[in-house]
2 protein chains.
Amino acid sequence: MERSPTLSLRERQKEGRRARIIAAAKSLFVEAGLDNITIEAIAEIAGVSSVTVHNYYGTKSGVLLALVAESDRELLETLDKELTNQPDDLVDLLLRFFTIICDHTLTHLDKSVWRQVISASVDGREPRFNKLYRELDHKLASVLIREIEQLRAVGQLADSVNSTHLGWALFNLQNARFVEFIASDNKTRDQALHDLRNDLLALFTLVIPTC
Amino acid sequence: MERSPTLSLRERQKEGRRARIIAAAKSLFVEAGLDNITIEAIAEIAGVSSVTVHNYYGTKSGVLLALVAESDRELLETLDKELTNQPDDLVDLLLRFFTIICDHTLTHLDKSVWRQVISASVDGREPRFNKLYRELDHKLASVLIREIEQLRAVGQLADSVNSTHLGWALFNLQNARFVEFIASDNKTRDQALHDLRNDLLALFTLVIPTC
DNA sequence: CAAATTTTTTTAGTCCACTAAAAATTTTAC
DNA sequence: GTAAAATTTTTAGTGGACTAAAAAAATTTG
(Lines give C-alpha, C1' and ligand atoms only; values in the text may rest on other atoms or scores of the structure.)
Protein backbone atom coordinates (compact mmCIF):
# COMPACT_ATOMS: atom_id res chain seq x y z
CA MET A 1 0.00 0.00 0.00
CA GLU A 2 2.82 2.38 0.81
CA ARG A 3 4.95 3.41 -2.11
CA SER A 4 8.40 3.14 -0.55
CA PRO A 5 9.69 -0.41 -0.74
CA THR A 6 12.85 0.10 1.30
CA LEU A 7 12.83 2.24 4.38
CA SER A 8 16.02 2.67 6.29
CA LEU A 9 16.09 1.50 9.86
CA ARG A 10 15.93 5.09 11.00
CA GLU A 11 12.86 5.81 8.94
CA ARG A 12 11.13 2.69 10.13
CA GLN A 13 11.82 3.60 13.73
CA LYS A 14 10.46 7.07 13.19
CA GLU A 15 7.37 5.62 11.63
CA GLY A 16 6.97 3.39 14.65
CA ARG A 17 7.32 6.24 17.08
CA ARG A 18 4.85 8.31 15.14
CA ALA A 19 2.37 5.47 15.16
CA ARG A 20 2.86 4.84 18.86
CA ILE A 21 2.35 8.48 19.66
CA ILE A 22 -0.92 8.83 17.81
CA ALA A 23 -2.14 5.49 19.13
CA ALA A 24 -1.37 6.65 22.67
CA ALA A 25 -3.05 9.99 22.03
CA LYS A 26 -6.12 8.34 20.62
CA SER A 27 -6.55 6.03 23.57
CA LEU A 28 -6.14 8.90 25.99
CA PHE A 29 -8.35 11.34 24.10
CA VAL A 30 -11.16 8.83 24.10
CA GLU A 31 -11.15 8.31 27.83
CA ALA A 32 -10.62 11.94 28.83
CA GLY A 33 -11.05 15.36 27.30
CA LEU A 34 -8.30 16.97 25.29
CA ASP A 35 -7.18 19.29 28.01
CA ASN A 36 -7.18 16.75 30.77
CA ILE A 37 -4.37 15.03 28.97
CA THR A 38 -0.77 16.10 29.05
CA ILE A 39 1.84 15.65 26.39
CA GLU A 40 3.83 13.97 29.12
CA ALA A 41 1.18 11.29 29.49
CA ILE A 42 1.04 10.65 25.77
CA ALA A 43 4.82 10.44 25.62
CA GLU A 44 4.98 7.99 28.47
CA ILE A 45 2.51 5.56 26.92
CA ALA A 46 4.21 5.87 23.56
CA GLY A 47 7.57 5.18 25.16
CA VAL A 48 9.25 8.37 24.07
CA SER A 49 10.16 11.61 25.75
CA SER A 50 7.80 14.55 25.78
CA VAL A 51 10.30 16.57 23.80
CA THR A 52 10.09 14.01 21.03
CA VAL A 53 6.34 14.44 20.86
CA HIS A 54 6.89 18.14 20.46
CA ASN A 55 9.53 17.62 17.83
CA TYR A 56 7.25 15.34 15.87
CA TYR A 57 3.97 17.18 16.08
CA GLY A 58 4.79 20.68 17.25
CA THR A 59 1.84 21.21 19.54
CA LYS A 60 -0.83 19.21 21.27
CA SER A 61 -3.24 20.28 18.56
CA GLY A 62 -0.73 18.94 16.08
CA VAL A 63 -1.16 15.47 17.54
CA LEU A 64 -4.91 15.80 17.27
CA LEU A 65 -4.54 16.95 13.69
CA ALA A 66 -2.75 13.74 12.78
CA LEU A 67 -5.57 11.72 14.30
CA VAL A 68 -8.14 13.62 12.34
CA ALA A 69 -6.26 13.31 9.06
CA GLU A 70 -6.38 9.56 9.45
CA SER A 71 -10.09 9.62 10.16
CA ASP A 72 -10.73 11.83 7.14
CA ARG A 73 -9.13 9.39 4.77
CA GLU A 74 -11.38 6.62 6.00
CA LEU A 75 -14.48 8.77 5.81
CA LEU A 76 -13.92 9.51 2.15
CA GLU A 77 -13.46 5.83 1.44
CA THR A 78 -16.63 4.96 3.29
CA LEU A 79 -18.60 7.62 1.45
CA ASP A 80 -17.39 6.34 -1.88
CA LYS A 81 -18.40 2.83 -1.00
CA GLU A 82 -21.78 3.46 0.55
CA LEU A 83 -23.11 6.30 -1.53
CA THR A 84 -22.68 5.33 -5.17
CA ASN A 85 -25.32 2.62 -5.34
CA GLN A 86 -28.88 3.78 -5.67
CA PRO A 87 -29.70 7.10 -7.30
CA ASP A 88 -32.80 8.00 -5.27
CA ASP A 89 -34.00 11.53 -4.74
CA LEU A 90 -32.19 14.57 -3.46
CA VAL A 91 -33.56 14.47 0.07
CA ASP A 92 -32.63 10.84 0.55
CA LEU A 93 -29.21 11.48 -0.86
CA LEU A 94 -28.48 14.22 1.60
CA LEU A 95 -29.89 12.31 4.54
CA ARG A 96 -27.75 9.31 3.75
CA PHE A 97 -24.72 11.52 3.29
CA PHE A 98 -25.37 13.08 6.68
CA THR A 99 -25.92 9.75 8.38
CA ILE A 100 -22.66 8.33 7.12
CA ILE A 101 -20.73 11.33 8.35
CA CYS A 102 -22.31 11.36 11.80
CA ASP A 103 -21.80 7.65 12.29
CA HIS A 104 -18.26 7.75 11.05
CA THR A 105 -17.12 10.51 13.36
CA LEU A 106 -18.38 8.78 16.46
CA THR A 107 -16.67 5.51 15.68
CA HIS A 108 -13.31 7.26 15.92
CA LEU A 109 -13.48 9.82 18.68
CA ASP A 110 -16.21 11.11 20.90
CA LYS A 111 -18.06 14.38 20.69
CA SER A 112 -15.90 16.23 23.19
CA VAL A 113 -12.82 15.62 21.10
CA TRP A 114 -14.57 16.54 17.86
CA ARG A 115 -15.60 19.78 19.47
CA GLN A 116 -11.97 20.59 19.96
CA VAL A 117 -11.29 19.64 16.37
CA ILE A 118 -13.97 21.92 14.98
CA SER A 119 -12.86 24.59 17.37
CA ALA A 120 -9.23 24.27 16.30
CA SER A 121 -10.21 24.36 12.65
CA VAL A 122 -11.58 27.83 13.04
CA ASP A 123 -9.50 29.45 15.75
CA GLY A 124 -6.49 29.91 13.50
CA ARG A 125 -3.81 29.15 16.06
CA GLU A 126 -2.74 26.18 14.01
CA PRO A 127 -3.02 27.11 10.33
CA ARG A 128 -2.63 23.49 9.28
CA PHE A 129 -5.92 22.71 10.96
CA ASN A 130 -7.78 25.28 8.98
CA LYS A 131 -6.18 24.01 5.80
CA LEU A 132 -7.00 20.38 6.51
CA TYR A 133 -10.57 21.25 7.23
CA ARG A 134 -11.03 23.34 4.11
CA GLU A 135 -9.65 20.48 2.09
CA LEU A 136 -11.92 17.96 3.72
CA ASP A 137 -14.94 20.18 3.17
CA HIS A 138 -13.97 20.54 -0.42
CA LYS A 139 -13.68 16.81 -0.91
CA LEU A 140 -16.96 16.15 0.84
CA ALA A 141 -18.76 18.80 -1.19
CA SER A 142 -17.28 17.28 -4.34
CA VAL A 143 -18.74 13.92 -3.47
CA LEU A 144 -22.11 15.55 -3.03
CA ILE A 145 -21.82 17.47 -6.28
CA ARG A 146 -20.90 14.32 -8.13
CA GLU A 147 -23.96 12.55 -6.78
CA ILE A 148 -26.18 15.48 -7.67
CA GLU A 149 -24.93 15.37 -11.21
CA GLN A 150 -25.84 11.73 -11.33
CA LEU A 151 -29.34 12.54 -10.20
CA ARG A 152 -29.55 15.07 -12.98
CA ALA A 153 -28.29 12.56 -15.49
CA VAL A 154 -31.05 10.18 -14.45
CA GLY A 155 -33.62 12.92 -14.90
CA GLN A 156 -34.37 13.39 -11.23
CA LEU A 157 -33.33 17.02 -11.47
CA ALA A 158 -33.90 19.68 -14.07
CA ASP A 159 -31.01 20.53 -16.34
CA SER A 160 -31.26 24.16 -15.26
CA VAL A 161 -29.85 23.50 -11.78
CA ASN A 162 -26.26 24.42 -11.07
CA SER A 163 -24.88 21.26 -9.48
CA THR A 164 -21.88 22.99 -7.97
CA HIS A 165 -23.78 25.75 -6.27
CA LEU A 166 -26.53 23.41 -5.19
CA GLY A 167 -23.96 20.97 -3.85
CA TRP A 168 -22.26 23.61 -1.76
CA ALA A 169 -25.52 24.96 -0.46
CA LEU A 170 -26.67 21.52 0.61
CA PHE A 171 -23.29 20.67 2.03
CA ASN A 172 -23.33 23.80 4.16
CA LEU A 173 -26.84 23.11 5.31
CA GLN A 174 -25.94 19.59 6.30
CA ASN A 175 -22.73 20.73 7.94
CA ALA A 176 -24.54 23.22 10.13
CA ARG A 177 -26.64 20.38 11.50
CA PHE A 178 -23.54 18.27 11.93
CA VAL A 179 -21.83 20.94 14.01
CA GLU A 180 -24.97 21.31 16.05
CA PHE A 181 -24.99 17.55 16.58
CA ILE A 182 -21.40 17.57 17.76
CA ALA A 183 -21.78 20.69 19.87
CA SER A 184 -24.46 19.22 22.09
CA ASP A 185 -24.08 16.05 24.10
CA ASN A 186 -27.84 15.63 24.26
CA LYS A 187 -28.53 15.75 20.55
CA THR A 188 -28.83 12.32 19.01
CA ARG A 189 -28.03 11.54 15.43
CA ASP A 190 -31.69 10.86 14.74
CA GLN A 191 -32.77 14.19 16.12
CA ALA A 192 -30.21 15.92 13.94
CA LEU A 193 -31.39 13.91 10.97
CA HIS A 194 -34.93 14.95 11.70
CA ASP A 195 -33.96 18.60 11.82
CA LEU A 196 -32.10 18.31 8.56
CA ARG A 197 -35.09 16.71 6.91
CA ASN A 198 -37.25 19.61 8.05
CA ASP A 199 -34.74 22.05 6.61
CA LEU A 200 -34.87 20.33 3.27
CA LEU A 201 -38.62 19.96 3.16
CA ALA A 202 -39.12 23.60 4.03
CA LEU A 203 -36.80 24.64 1.24
CA PHE A 204 -38.17 22.25 -1.37
CA THR A 205 -41.83 23.00 -0.81
CA LEU A 206 -41.08 26.63 -1.51
CA VAL A 207 -43.17 27.76 -4.41
CA ILE A 208 -41.55 30.36 -6.57
CA PRO A 209 -43.98 33.27 -7.11
CA THR A 210 -43.43 33.48 -10.87
CA CYS A 211 -44.26 29.80 -11.32
CA MET B 1 -32.48 52.05 31.66
CA GLU B 2 -31.16 50.03 34.57
CA ARG B 3 -33.72 48.99 37.09
CA SER B 4 -31.79 49.72 40.26
CA PRO B 5 -32.10 53.38 41.21
CA THR B 6 -29.68 53.33 44.12
CA LEU B 7 -26.48 51.40 43.93
CA SER B 8 -24.31 51.27 46.98
CA LEU B 9 -20.81 52.62 46.71
CA ARG B 10 -19.47 49.12 46.60
CA GLU B 11 -21.72 48.13 43.75
CA ARG B 12 -20.84 51.23 41.80
CA GLN B 13 -17.14 50.56 42.23
CA LYS B 14 -17.58 47.01 41.07
CA GLU B 15 -19.46 48.22 38.06
CA GLY B 16 -16.62 50.59 37.32
CA ARG B 17 -13.98 47.91 37.62
CA ARG B 18 -15.97 45.61 35.41
CA ALA B 19 -16.30 48.32 32.80
CA ARG B 20 -12.62 49.19 32.98
CA ILE B 21 -11.63 45.58 32.58
CA ILE B 22 -13.69 44.95 29.49
CA ALA B 23 -12.65 48.30 28.01
CA ALA B 24 -9.03 47.39 28.57
CA ALA B 25 -9.56 43.95 27.12
CA LYS B 26 -11.30 45.34 24.07
CA SER B 27 -8.53 47.79 23.31
CA LEU B 28 -5.91 45.09 23.66
CA PHE B 29 -7.82 42.43 21.72
CA VAL B 30 -8.17 44.81 18.80
CA GLU B 31 -4.48 45.51 18.49
CA ALA B 32 -3.23 41.99 19.13
CA GLY B 33 -4.59 38.45 18.99
CA LEU B 34 -6.26 36.88 21.98
CA ASP B 35 -3.32 34.79 23.01
CA ASN B 36 -0.73 37.49 22.67
CA ILE B 37 -2.43 39.26 25.51
CA THR B 38 -2.04 38.39 29.15
CA ILE B 39 -4.53 38.79 31.92
CA GLU B 40 -1.78 40.72 33.64
CA ALA B 41 -1.76 43.30 30.83
CA ILE B 42 -5.52 43.72 30.95
CA ALA B 43 -5.40 44.11 34.71
CA GLU B 44 -2.70 46.71 34.54
CA ILE B 45 -4.58 48.92 32.08
CA ALA B 46 -7.78 48.50 34.03
CA GLY B 47 -5.99 49.47 37.23
CA VAL B 48 -6.75 46.29 39.15
CA SER B 49 -4.82 43.20 40.08
CA SER B 50 -4.79 40.15 37.87
CA VAL B 51 -6.45 38.15 40.60
CA THR B 52 -9.38 40.53 40.47
CA VAL B 53 -9.79 39.90 36.77
CA HIS B 54 -9.92 36.22 37.52
CA ASN B 55 -12.38 36.72 40.31
CA TYR B 56 -14.64 38.76 38.08
CA TYR B 57 -14.55 36.78 34.87
CA GLY B 58 -13.11 33.41 35.77
CA THR B 59 -11.01 32.87 32.69
CA LYS B 60 -9.61 34.83 29.81
CA SER B 61 -12.41 33.48 27.67
CA GLY B 62 -14.78 34.81 30.28
CA VAL B 63 -13.58 38.31 29.58
CA LEU B 64 -14.09 37.78 25.89
CA LEU B 65 -17.55 36.45 26.57
CA ALA B 66 -18.53 39.69 28.27
CA LEU B 67 -17.36 41.64 25.25
CA VAL B 68 -19.39 39.49 22.93
CA ALA B 69 -22.51 39.73 25.04
CA GLU B 70 -22.37 43.49 24.67
CA SER B 71 -21.95 43.25 20.93
CA ASP B 72 -24.86 40.84 20.64
CA ARG B 73 -27.26 43.24 22.29
CA GLU B 74 -26.36 45.92 19.79
CA LEU B 75 -26.65 43.58 16.84
CA LEU B 76 -30.21 42.68 17.73
CA GLU B 77 -31.10 46.35 18.02
CA THR B 78 -29.55 47.12 14.66
CA LEU B 79 -31.37 44.25 13.01
CA ASP B 80 -34.67 45.40 14.39
CA LYS B 81 -34.08 48.89 13.11
CA GLU B 82 -32.74 48.16 9.67
CA LEU B 83 -34.75 45.14 8.65
CA THR B 84 -38.39 45.89 9.30
CA ASN B 85 -38.93 48.44 6.52
CA GLN B 86 -39.41 47.03 3.06
CA PRO B 87 -40.90 43.60 2.53
CA ASP B 88 -39.06 42.64 -0.66
CA ASP B 89 -38.41 39.07 -1.69
CA LEU B 90 -36.82 36.22 0.22
CA VAL B 91 -33.41 36.45 -1.42
CA ASP B 92 -33.08 40.15 -0.73
CA LEU B 93 -34.21 39.64 2.82
CA LEU B 94 -31.54 37.09 3.51
CA LEU B 95 -28.82 39.06 1.78
CA ARG B 96 -29.63 42.16 3.81
CA PHE B 97 -29.76 40.11 6.98
CA PHE B 98 -26.33 38.71 6.17
CA THR B 99 -24.87 42.09 5.31
CA ILE B 100 -25.98 43.63 8.56
CA ILE B 101 -24.44 40.82 10.56
CA CYS B 102 -21.11 40.91 8.73
CA ASP B 103 -20.80 44.65 9.00
CA HIS B 104 -21.79 44.70 12.61
CA THR B 105 -19.24 42.14 13.74
CA LEU B 106 -16.33 43.96 12.14
CA THR B 107 -17.18 47.28 13.75
CA HIS B 108 -16.60 45.73 17.16
CA LEU B 109 -13.69 43.34 16.91
CA ASP B 110 -11.61 42.01 14.09
CA LYS B 111 -11.75 38.63 12.45
CA SER B 112 -8.99 37.07 14.50
CA VAL B 113 -10.88 37.72 17.70
CA TRP B 114 -14.18 36.53 16.26
CA ARG B 115 -12.46 33.32 15.28
CA GLN B 116 -11.66 32.77 18.92
CA VAL B 117 -15.25 33.54 19.80
CA ILE B 118 -16.70 31.04 17.37
CA SER B 119 -14.07 28.57 18.42
CA ALA B 120 -14.88 29.04 22.10
CA SER B 121 -18.58 28.71 21.41
CA VAL B 122 -18.10 25.18 20.21
CA ASP B 123 -15.14 23.83 22.17
CA GLY B 124 -17.13 23.44 25.36
CA ARG B 125 -14.43 24.47 27.79
CA GLU B 126 -16.57 27.40 28.84
CA PRO B 127 -20.20 26.24 28.88
CA ARG B 128 -21.42 29.83 29.16
CA PHE B 129 -20.05 30.49 25.72
CA ASN B 130 -22.00 27.72 24.16
CA LYS B 131 -25.12 28.91 25.94
CA LEU B 132 -24.70 32.52 24.87
CA TYR B 133 -24.20 31.47 21.31
CA ARG B 134 -27.20 29.20 21.22
CA GLU B 135 -29.29 32.01 22.58
CA LEU B 136 -27.99 34.48 20.05
CA ASP B 137 -28.62 32.05 17.21
CA HIS B 138 -32.11 31.55 18.49
CA LYS B 139 -32.81 35.25 18.59
CA LEU B 140 -31.35 35.81 15.15
CA ALA B 141 -33.33 32.97 13.66
CA SER B 142 -36.46 34.38 15.30
CA VAL B 143 -35.90 37.69 13.58
CA LEU B 144 -35.63 35.88 10.28
CA ILE B 145 -38.70 33.79 10.93
CA ARG B 146 -40.68 36.90 11.80
CA GLU B 147 -39.67 38.54 8.55
CA ILE B 148 -40.52 35.43 6.57
CA GLU B 149 -43.96 35.42 8.10
CA GLN B 150 -44.38 39.00 6.98
CA LEU B 151 -43.46 38.04 3.45
CA ARG B 152 -46.07 35.34 3.59
CA ALA B 153 -48.64 37.79 4.90
CA VAL B 154 -47.97 40.05 1.92
CA GLY B 155 -48.41 37.12 -0.44
CA GLN B 156 -44.80 36.81 -1.45
CA LEU B 157 -44.73 33.25 -0.19
CA ALA B 158 -47.18 30.42 -0.41
CA ASP B 159 -49.19 29.61 2.68
CA SER B 160 -47.91 26.06 2.56
CA VAL B 161 -44.39 26.98 3.68
CA ASN B 162 -43.39 26.35 7.24
CA SER B 163 -41.89 29.66 8.34
CA THR B 164 -40.07 28.21 11.30
CA HIS B 165 -38.34 25.45 9.44
CA LEU B 166 -37.60 27.68 6.49
CA GLY B 167 -36.24 30.32 8.81
CA TRP B 168 -33.87 27.93 10.48
CA ALA B 169 -32.71 26.45 7.21
CA LEU B 170 -31.95 29.87 5.80
CA PHE B 171 -30.35 31.00 9.00
CA ASN B 172 -28.04 28.00 8.98
CA LEU B 173 -27.19 28.54 5.35
CA GLN B 174 -26.35 32.15 5.99
CA ASN B 175 -24.42 31.30 9.11
CA ALA B 176 -22.22 28.84 7.27
CA ARG B 177 -21.18 31.63 4.95
CA PHE B 178 -20.66 33.93 7.88
CA VAL B 179 -18.30 31.50 9.57
CA GLU B 180 -16.46 31.05 6.30
CA PHE B 181 -16.17 34.84 6.04
CA ILE B 182 -14.73 35.09 9.53
CA ALA B 183 -12.47 32.09 9.16
CA SER B 184 -10.54 33.51 6.23
CA ASP B 185 -8.70 36.81 6.28
CA ASN B 186 -8.84 37.02 2.51
CA LYS B 187 -12.58 36.63 2.11
CA THR B 188 -14.35 39.95 1.74
CA ARG B 189 -17.91 40.58 2.76
CA ASP B 190 -18.91 41.00 -0.87
CA GLN B 191 -17.41 37.69 -1.85
CA ALA B 192 -19.27 36.00 0.95
CA LEU B 193 -22.45 37.76 -0.11
CA HIS B 194 -21.94 36.56 -3.64
CA ASP B 195 -21.50 32.98 -2.47
CA LEU B 196 -24.63 33.18 -0.40
CA ARG B 197 -26.60 34.51 -3.34
CA ASN B 198 -25.43 31.55 -5.41
CA ASP B 199 -26.53 29.18 -2.66
CA LEU B 200 -29.98 30.70 -2.64
CA LEU B 201 -30.39 30.84 -6.39
CA ALA B 202 -29.32 27.22 -6.74
CA LEU B 203 -31.88 26.18 -4.17
CA PHE B 204 -34.70 28.32 -5.48
CA THR B 205 -34.36 27.38 -9.12
CA LEU B 206 -34.79 23.78 -8.11
CA VAL B 207 -37.77 22.37 -9.90
CA ILE B 208 -39.61 19.74 -7.99
CA PRO B 209 -40.12 16.68 -10.24
CA THR B 210 -43.82 16.35 -9.43
CA CYS B 211 -44.50 19.95 -10.48
C1' DC C 1 -16.17 56.67 65.14
C1' DA C 2 -15.31 51.95 66.05
C1' DA C 3 -16.34 47.29 65.03
C1' DA C 4 -17.83 44.11 61.66
C1' DT C 5 -18.03 42.88 56.97
C1' DT C 6 -16.79 42.78 52.32
C1' DT C 7 -13.53 43.03 48.80
C1' DT C 8 -9.10 43.56 46.82
C1' DT C 9 -4.36 42.82 46.78
C1' DT C 10 -0.21 40.47 47.89
C1' DT C 11 2.16 36.42 48.18
C1' DA C 12 3.30 32.06 47.02
C1' DG C 13 2.68 28.28 44.42
C1' DT C 14 0.99 24.56 40.88
C1' DC C 15 0.61 22.97 36.38
C1' DC C 16 1.67 22.42 31.80
C1' DA C 17 2.82 23.76 27.05
C1' DC C 18 6.63 24.87 24.74
C1' DT C 19 11.86 25.84 23.80
C1' DA C 20 16.99 25.66 23.66
C1' DA C 21 21.09 23.46 24.32
C1' DA C 22 24.07 19.90 26.04
C1' DA C 23 24.69 14.99 26.57
C1' DA C 24 23.88 10.38 25.30
C1' DT C 25 22.59 7.01 22.09
C1' DT C 26 21.99 4.87 17.79
C1' DT C 27 22.48 4.28 12.93
C1' DT C 28 25.07 4.77 8.88
C1' DA C 29 29.02 4.86 5.82
C1' DC C 30 33.41 3.78 4.82
C1' DG D 1 34.99 -1.71 13.48
C1' DT D 2 35.48 2.93 13.82
C1' DA D 3 34.45 7.70 12.64
C1' DA D 4 30.75 10.66 11.25
C1' DA D 5 26.05 11.89 11.17
C1' DA D 6 21.48 11.88 12.78
C1' DT D 7 18.26 11.64 16.39
C1' DT D 8 16.60 11.24 20.96
C1' DT D 9 16.83 12.22 25.68
C1' DT D 10 18.13 14.85 29.61
C1' DT D 11 18.35 19.01 31.72
C1' DA D 12 17.02 23.41 32.65
C1' DG D 13 14.20 27.13 31.98
C1' DT D 14 10.39 30.58 30.48
C1' DG D 15 5.82 32.18 30.35
C1' DG D 16 1.35 32.47 31.62
C1' DA D 17 -3.20 30.79 33.25
C1' DC D 18 -5.23 29.70 37.24
C1' DT D 19 -5.74 28.98 42.61
C1' DA D 20 -5.57 29.36 47.76
C1' DA D 21 -4.74 31.80 51.65
C1' DA D 22 -3.05 35.53 54.29
C1' DA D 23 -2.76 40.48 54.62
C1' DA D 24 -4.38 44.97 53.66
C1' DA D 25 -7.71 48.25 52.52
C1' DA D 26 -12.16 50.02 52.04
C1' DT D 27 -17.18 50.19 53.10
C1' DT D 28 -20.97 49.55 55.81
C1' DT D 29 -23.49 49.40 60.12
C1' DG D 30 -24.58 50.37 64.62
Side-chain angles (χ1 to χ4, degrees), chain A residues 4 6-22 24-25 28-29 32-67 113 116-117 119-120 123-129, chain B residues 4 6-22 24-25 28-29 32-67 113 116-117 119-120 123-129:
Chain A
S4 20
T6 335
L7 287 165
S8 73
L9 174 56
R10 252 183 193 142
E11 287 169 309
R12 266 178 289 136
Q13 282 176 323
K14 247 180 209 176
E15 212 44 59
R17 275 184 222 111
R18 242 174 238 287
R20 262 148 48 213
I21 290 169
I22 75 158
L28 286 175
F29 287 166
L34 186 61
D35 33 58
N36 299 317
I37 279 148
T38 66
I39 297 262
E40 205 80 41
I42 296 172
E44 195 176 0
I45 293 184
V48 296
S49 80
S50 64
V51 176
T52 296
V53 177
H54 274 112
N55 285 340
Y56 276 40
Y57 293 103
T59 64
K60 190 149 79 162
S61 297
V63 179
L64 183 57
L65 183 71
L67 247 67
V113 179
Q116 311 277 351
V117 173
S119 165
D123 79 3
R125 267 182 268 247
E126 189 93 43
R128 287 178 296 162
F129 243 117
Chain B
S4 18
T6 335
L7 287 165
S8 73
L9 175 55
R10 254 181 191 142
E11 286 169 309
R12 266 178 291 136
Q13 282 175 323
K14 247 179 210 176
E15 211 45 59
R17 275 184 222 110
R18 242 173 238 287
R20 262 147 49 214
I21 290 169
I22 74 158
L28 287 175
F29 286 166
L34 186 61
D35 33 58
N36 300 317
I37 279 147
T38 66
I39 297 260
E40 203 79 42
I42 296 173
E44 195 177 1
I45 293 185
V48 296
S49 80
S50 64
V51 176
T52 296
V53 176
H54 273 113
N55 284 340
Y56 276 41
Y57 293 103
T59 65
K60 190 149 80 160
S61 298
V63 179
L64 183 57
L65 184 71
L67 247 68
V113 179
Q116 311 278 349
V117 173
S119 165
D123 78 5
R125 269 182 266 247
E126 189 93 43
R128 287 179 296 164
F129 243 116

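As a basis for the values below, the full set of heavy atoms in this structure was taken, side chains included, without hydrogen atoms, waters or symmetry mates. Convention: sequence-line order gives letters A, B, ...; per-chain numbering from 1.
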Nearest-neighbour nucleotide for the A:Arg10 side chain, D:dC18, D:dA5, D:dT9 considered: D:dA5
4.5 Å side-chain heavy-atom contact, A:Phe129 and A:Val117: yes
Rounded interatomic separation in angstrom, taking CD from A:Glu15 and P from C:dT27: 16 Å
Spacing of OG1 belonging to B:Thr38 relative to CD belonging to B:Glu44, to within rounding of 0.5 Å: 8.5 Å
Nucleotide of D:dT9, D:dA17, C:dT27 approaching B:Lys60 most closely (side-chain heavy atoms): D:dA17
N or O in side chain of B:Tyr56 less than 4.0 angstrom from C:dT7 OP1/OP2: no
Any N/O donor-acceptor pair, B:Arg17 side-chain to C:dT8 base, under 3.5 Å: no
Distance, rounded to the nearest Å, where B:Gln13 contributes CD and C:dT5 contributes C1': 15 Å
Residue whose closest nucleotide on DNA chain D lies nearer the 5' end, B:Ile37 versus A:Ser50: A:Ser50
Between C:dT7 (P) and B:Arg18 (CZ): distance, integer Å: 11 Å
d(CZ, B:Arg12; P, C:dT7) in whole Å: 15 Å
Whole-Å distance separating the CD atom of A:Glu40 from the C1' atom of D:dT9: 12 Å
Interatomic distance where CG belongs to B:Asn55 and P belongs to C:dT10 [whole Å]: 13 Å
Sidechain-backbone polar pair: B:Lys60 side chain, B:Leu34 backbone, donor-acceptor under 3.5 Å: yes
Nearest atoms (heavy-atom pairs only) where A:Ala32 meets A:Ile37: O-CD1, 3.5 Å
Nucleotide C:dA17, atom P - distance to CD1 of A:Ile39 in whole Å: 6 Å
Validation row: A:Tyr57, A:Leu65 side chains within 4.5 angstrom (heavy atoms): no
Distance in angstrom units between B:Arg125 CZ and D:dA17 C1', rounded: 12 Å
Whichever of B:Lys14 and B:Val51 has its nearest DNA chain C nucleotide further upstream toward 5': B:Lys14
